[in-house]
Structure formats: structure tokens, C-alpha cells
Amino acid sequence: MAGHGASKVSAEGVLATFPELRDIEDASLRDIVIEIWQEVLDESDWERLEDVPKHPHKLPASSNLVDHTRTVTQMAVAVAEAAERVRGIGYDRDQLIANANLHDVSKLLEFEPTPEGGQGSRFGHLIQHGAYGAHKMWQKNLPMEMVHSVLAHTLTSRYVPQTWEAVVVHYVDYLDSDALNLQHGVPLNIRK
Ligand SMILES: [Fe+2]
């Protein structure tokens with residue numbers, strides 16, 4: 001566990017993997033986000049964040065979770081900036097970056113490594129997607145609105161996002177997912 005012996009990844013390593021986290025101004029929030037990645041990686045069977053797939057069966061292993069997380073975080077900030085510039089809609093930049101960065105951290109436990117790259121784990125079969133990331137955030141006393149954003153980001157949650165930050169993360173997550181699905185000839189999430 002973080003703070004007790006060596007983690008699989010250092011705090012600097014997490015920052016190098018997710019440079020977007022450097023834009024979180026509140027140093028204590030940034031440290032908590034880093035700690036969550038370290039702790040969940042240590043709890044998982046993965047050795048490196050770079051090895052975790054975005055989705056083990058649907059997409060090739062080259063579509064990894066790190067690139068998805070980074071794209072979603074950058075997209076979230078870009079969308080919130082545009083809506084603020086044109087419409088004057090305010091948002092909490094630190095919280096938006098942290099929510100977007102942590103939205104899929106639970107995949108470290110929901111998937112497990114195999115020689116082929118990875119597969120769904122028993123954890124992922126039993127515990128709803130996103131719930132563990134939300135649990136870690138709550139455990140570290142992050143605001144309920146942030147916990148909500150991670151819990152509600154997925155269509156597997158019956159709860160509809162209730163804050164602007166949560167709405168943005170939800171849409172850009174599916175936007176980047178469908179960018180990958182389109183690229184790889186996999187059916188889109190869009191339903192009509
Ligand atoms: Fe997700």
C-alpha cells in the first residue's frame with residue numbers, strides 16, 4: 001500500500017503517466033488522486049498502468065486505459081472551457097480533471113492480466129463498473145459531488161449525472177469510446 005514500502009508506481013510515475021494531473025491546482029487533491037492510482041494498482045494483479053486495456057475483448061490491446069483516460073481528461077477540460085467561453089457556464093477545473101482522470105480507475109480490478117492482454121475478472125463480474133473508484137474517493141473524504149461523478153459516469157449506473165462536471169465526463173467518456181469503436185469497426189455505443 002502507498003506509504004508502506006514501495007508501490008508498483010511512484011508518485012512521479014503516476015504524474016508522468018497522466019501529465020494532466022499537473023493542472024490540478026489544489027496540491028492535496030492532486031496527491032489524493034495520485035495515491036488512489038498507486039493503491040488500486042498495488043491491490044490489482046497488474047504491474048504497470050500502461051498494460052491495462054481499455055476493454056479486453058472489444059478492442060485491441062493497443063487501445064489502452066491510459067490513453068483513454070488521458071483523452072477523456074483533455075476532452076473534458078476542452079468541452080468545459082468552450083461552454084464557459086461561449087455560454088458562461090462555470091465549472092470546477094480541479095474537480096473536473098480529477099473526476100475525468102479517476103472515472104475508470106476501477107478497471108484495474110475489473111480486468112485482470114492474461115498472456116493475451118487481459119480479461120474481465122470476478123471482481124468486475126460482481127461489482128458494478130465505477131463503484132470501486134467512487135469508494136476510494138469517498139474513503140479519502142473527497143466531496144460527494146466527485147464520488148457521484150465517477151459512480152454515474154457509466155450507463156450501467158441507473159443514476160443520471162446531476163452536476164455539470166459529471167455530465168461532461170459522462171459524454172466525453174462515451175465520445176472517446178465511440179472514437180475507438182469507430183476506428184476498430186466495433187459497434188458504437190450510440191443507440192437510436
Ligand atoms: Fe468507464
Side-chain angles (χ1 to χ4, degrees), residues 14 17-18 20-21 32-34 36-37 39-41 43-46 49-80 95-113 117-140 142 144-184 186-191:
V14 175
T17 303
F18 302 117
E20 296 76 20
L21 294 177
I32 288 172
V33 172
I34 292 169
I36 290 175
W37 280 106
E39 290 179 13
V40 181
L41 181 64
E43 292 165 26
S44 79
D45 292 332
W46 300 94
L49 293 172
E50 295 75 16
D51 298 334
V52 184
K54 200 275 180 188
H55 195 291
H57 312 296
K58 245 168 99 170
L59 294 164
S62 57
S63 303
N64 64 45
L65 182 66
V66 167
D67 287 350
H68 171 63
T69 300
R70 295 198 58 202
T71 309
V72 165
T73 307
Q74 292 187 34
M75 281 178 166
V77 172
V79 164
Q95 289 194 13
L96 181 67
I97 294 170
N99 295 348
N101 172 264
L102 289 174
H103 83 280
D104 271 350
V105 67
S106 59
K107 283 190 177 176
L108 272 55
L109 296 177
E110 292 160 4
F111 305 150
E112 61 193 10
Q119 65 185 15
S121 67
R122 177 149 176 84
F123 185 102
H125 195 58
L126 296 183
I127 306 299
Q128 183 175 306
H129 174 54
Y132 196 72
H135 162 73
K136 296 294 282 190
M137 293 165 81
W138 209 343
Q139 205 175 42
K140 292 180 183 296
L142 293 183
M144 195 158 35
E145 287 73 14
M146 296 183 67
V147 177
H148 161 74
S149 174
V150 169
L151 262 184
H153 87 267
T154 168
L155 290 172
T156 61
S157 163
R158 297 291 301 272
Y159 271 44
V160 173
Q162 300 292 327
T163 67
W164 176 229
E165 291 83 357
V167 168
V168 170
V169 169
H170 169 80
Y171 277 114
V172 298
D173 176 28
Y174 281 96
L175 183 58
D176 184 55
S177 297
D178 273 348
L180 286 168
N181 293 336
L182 200 56
Q183 192 181 6
H184 295 287
V186 173
L188 304 188
N189 288 301
I190 296 173
R191 289 283 172 272

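Numbers for residues simply follow the sequence, beginning at 1. Atoms within a ligand are numbered from 1 in the order they appear, just like the ligands themselves.
- None of Y132, F123, F111 except one satisfies the side-chain contact (heavy atoms from CB on, under 4.5 Å) rule with S106; the exception is Y132.
- Using cut-offs of 30° and 60° for the angle between ring planes, the H55 and H57 rings count as perpendicular.
- Residue H129 counts as close to the Fe ion (ligand 1), with an N, O or S atom under 2.8 Å.
- Here the N, O or S atom of H153 that is nearest to the Fe ion (ligand 1) is NE2.
- Among the heteroatoms counted here (N, O or S) of D104, OD1 is the one nearest to the Fe ion (ligand 1).
- The ring of H170 has its center no closer than 6.0 angstrom to the ring center of H103.
- When atom types are taken as modelled, the side chain of Q162 and the backbone of V160 share a donor-acceptor pair closer than 3.5 angstrom.
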